[in-house]
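Note that the structure is a prediction, hence the values are computed from the model and not measured. Just so you know, ligand 1 is whichever comes first in the structure, and atom 1 is the first atom listed for that ligand.
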Amino acid sequence: MHAAVLSSSDTPPAYREHPEPVAADSNEMAVEVLAAGLHHLTRAKATGSHYSSDGVFPLVPGVDGVVRDPDGKLRYAVLDDTKFGTFAERTVIDVRRSVLLPDGIDPVRIAAAMNPGMSSWVALRRRIGFTAGQRVLVIGATGNAGRMAVQIAKLFGAAQVIAAGRDRTRLGELTALGADITCTFDEIERAADVDVVLDYVWGEPAAGAMIPMLTARADRSAPLTWVQIGSMAGPVAPLPSAALRSARLQIVGSGIGSVPARDFITELPQLAAAVSEGRIDVRPRAVPLADITQAWTAAIGDRLVFVP
Ligand SMILES: NC(=O)c1ccc[n+]([C@@H]2O[C@H](COP(=O)([O-])OP(=O)(O)OC[C@H]3O[C@@H](n4cnc5c(N)ncnc54)[C@H](OP(=O)(O)O)[C@@H]3O)[C@@H](O)[C@H]2O)c1
């Protein structure tokens, strides 16, 4: 069979012949891969920059995907730390980390949506006590995860969703997806009175937004939960100490580790249903797996989904 094989952290994967994967125990099954997304996590794990990667090569990248099991059923599967990922014609999944998908789903849409969509879905459902009627600010709202966060917050009954980012044109598109207000980072005071921040950016922009936002709050003693989810602007943010004193701010993170894996798995079917029923808009771009060498280094925009 064919797979994308990564031989080092600084060269793109090559599409080539690869030995068949073999299930190691009764929880595992060899499956046919139908579609697998190129997420930030995929690259970070593959190139050794993610906290869960060990930097040992060669490996087949791919952290999740839509697969067909030996009974012909479609599943969405999340792989554990493995050297044999989903960027292959076939891979091995742990059945306990997979969910059955309804008939008629589009594998490419699901493969594109589940990783970015899960970030806000799980943050709001499992990491914090979000309740309908609260107001939500999404920082980094123009990306795949941010666009979905805007829609998911609305789906969960947010009273107001504010979309923040650096690109006014892309921000403008979010109104049609449910954003009540859009703003750039230097207009962040417009989001002063939210209850929850979903932050995909971190780094200087997030740290710089805190004081202007907090000092503009109508009631600084009202709780504000800042959920750190992604770090597109940098892994380190120079947090002003006054931010933690001047308002009732708490900062938490949401991701694998801060939310148990079983909680992620439990939420997967509902997200898959929302995506396949069209309640969440997704922008996938299907690419043949054979073209991975060129696609691996392409700028990330619409979510690339490899189809073996
Ligand atoms: N913890 C979790 O559960 C989880 C799950 C999925 C993803 N994530 C993380 O979430 C983040 C976003 O993922 P994604 O799939 O949405 O990525 P994406 O589609 O590539 O979007 C990236 C977003 O970050 C913005 N951005 C990039 N560099 C920036 C900078 N220097 N300053 C300000 N904004 C910047 C982009 O703005 P422009 O539109 O202006 O370029 C865009 O809004 C990643 O860090 C990813 O690893 C976390």
Side-chain angles (χ1 to χ4, degrees), residues 36-47 49-53 61 63-64 76 78 111-128 137-153 162-174 177 179 182-188 197-209 226-238 251-261 263-265 267-268 271 275 280-285 295-305:
L38 177 53
H39 316 298
H40 286 282
L41 177 63
T42 319
R43 287 182 204 261
K45 278 193 156 193
T47 56
S49 59
H50 192 258
Y51 56 84
S52 65
S53 54
V63 296
D64 68 349
Y76 169 73
V78 183
M114 295 301 275
N115 169 278
M118 193 48 59
S119 65
S120 53
W121 189 287
V122 163
L124 294 173
R125 286 278 266 258
R126 296 281 174 164
R127 186 64 181 91
I128 63 169
L137 165 66
V138 180
I139 299 187
T142 52
N144 286 278
R147 289 175 78 252
M148 293 183 76
V150 168
Q151 300 173 74
I152 286 167
I162 303 175
R166 60 183 179 176
D167 185 309
R168 274 188 203 281
T169 308
R170 274 202 285 274
L171 281 171
E173 297 166 8
L174 297 173
L177 297 180
T182 62
C183 63
T184 55
F185 294 115
D186 48 14
E187 301 163 333
I188 206 73
V197 178
L198 300 176
D199 177 8
Y200 291 93
V201 167
W202 203 235
E204 294 278 352
W226 193 294
V227 193
Q228 204 296 310
I229 302 179
S231 46
M232 293 302 303
V236 175
I251 303 174
V252 303
S254 182
I256 299 165
S258 59
V259 176
D263 287 7
F264 272 91
I265 305 293
E267 296 294 336
L268 291 173
L271 174 58
V275 171
I280 301 174
D281 180 68
V282 185
R283 290 193 183 159
R285 185 149 61 88
W296 182 258
T297 44
I300 290 191
D302 292 348
R303 185 51 34 98
L304 295 189
V305 175

Checklist entry - When you measure from the side chain of Asp64 to the backbone N and O of Ala36, does any donor-acceptor pair fall under 3.5 Å? => result no
Next on the checklist: For ligand 1, which is the ligand I care about here, please tell me if Gly143 has any N or O atom under 3.5 Å from one of the ligand's N or O atoms.
Outcome noted: yes
Item to check | Per-atom contacts, ligand 1 versus Ser254 - under 4.0 Å to a heavy atom | outcome: 1 (N), 2 (C), 3 (O)
Item to check | Under-4.0 Å heavy-atom contact with ligand 1, by part of Asn115 that carries it | outcome: both
Checklist entry - Taking only residues two or more places apart in sequence or in another chain, which ones pass salt bridge (charged side-chain N to carboxylate O under 4.0 Å, His left out) with Glu173? => result Arg283
Next on the checklist: Which of the numbered atoms in ligand 1 are under 4.0 angstrom from any heavy atom belonging to Gly140?
Outcome noted: 43 (O)
Item to check | Gly230: numbered ligand 1 atoms lying under 4.0 Å from its heavy atoms | outcome: 9 (C), 10 (O), 11 (C), 45 (O)
Checklist entry - What's the spacing between Leu198 CG and Leu124 CG if we round to 0.5 Å? => result 5.0 Å
Checklist entry - Relative to atom 10 (O) of ligand 1, which among Phe185, Trp202, Tyr200, Phe264 owns the nearest non-hydrogen atom? => result Tyr200
Checklist entry - How long is the span from the CD1 atom in Ile251 to the CD atom in Gln228, to the nearest 0.5 Å? => result 9.0 Å
Checklist entry - Is a side-chain donor or acceptor of Glu267 paired with a backbone partner of Asp263 at a separation under 3.5 angstrom? => result no
Next on the checklist: I want to know if ligand 1 touches Ile229 in the polar sense, i.e. an N/O pair below 3.5 angstrom.
Outcome noted: yes
Checklist entry - Taking only residues two or more places apart in sequence or in another chain, which ones pass salt bridge (charged side-chain N to carboxylate O under 4.0 Å, His left out) with Asp186? => result none
Next on the checklist: Under 4.0 Å, counting heavy atoms only: does Ser231 come that close to any atom of ligand 1?
Outcome noted: yes
Next on the checklist: Suppose I only count heavy atoms of Ser119 and a 4.0 Å limit; which atoms of ligand 1 are within that range?
Outcome noted: 2 (C), 3 (O), 4 (C), 5 (C), 6 (C)
Checklist entry - For Gly253, does its backbone N or O pair with a side-chain atom of Arg127 as donor and acceptor, under 3.5 Å? => result yes
Next on the checklist: Only heavy atoms of Asp167, strictly under 4.0 Å: list the atoms of ligand 1 that pass.
Outcome noted: 40 (O)
Next on the checklist: If we set the cut-off at 4.0 Å for heavy atoms, which region of Met118 has an atom near ligand 1: side chain, backbone, both, or neither?
Outcome noted: neither
Checklist entry - Taking it one step at a time, do Arg43 and Trp296 satisfy side-chain contact (heavy atoms from CB on, under 4.5 Å)? => result CA-CA 8 Å; Arg43 287 182 204 261; Trp296 182 258; 4.3 Å; yes
Checklist entry - Can you list the atoms of ligand 1 that are under 4.0 Å from a heavy atom of Gly255? => result 1 (N), 3 (O)
Item to check | Shortest reach to atom 25 (C) of ligand 1 by a heavy atom, considering only Met232, Met114, Met148, Gln228 | outcome: Met232
Item to check | Distance in Å, Ser258 OG paired with Arg126 CZ, rounded so as to fall on 0.5 Å steps | outcome: 13.0 Å
Checklist outcome for this item: Among Arg147, His39, His40, the residue with a heavy atom nearest to atom 46 (C) of ligand 1 is His40
Checklist entry - Where the side chain of Thr142 meets the backbone of Arg170, is there a donor-acceptor pair that is under 3.5 Å apart? => result no
Checklist entry - If you measure every N/O of Gly301 against every N/O of ligand 1, is any gap under 3.5 Å? => result no
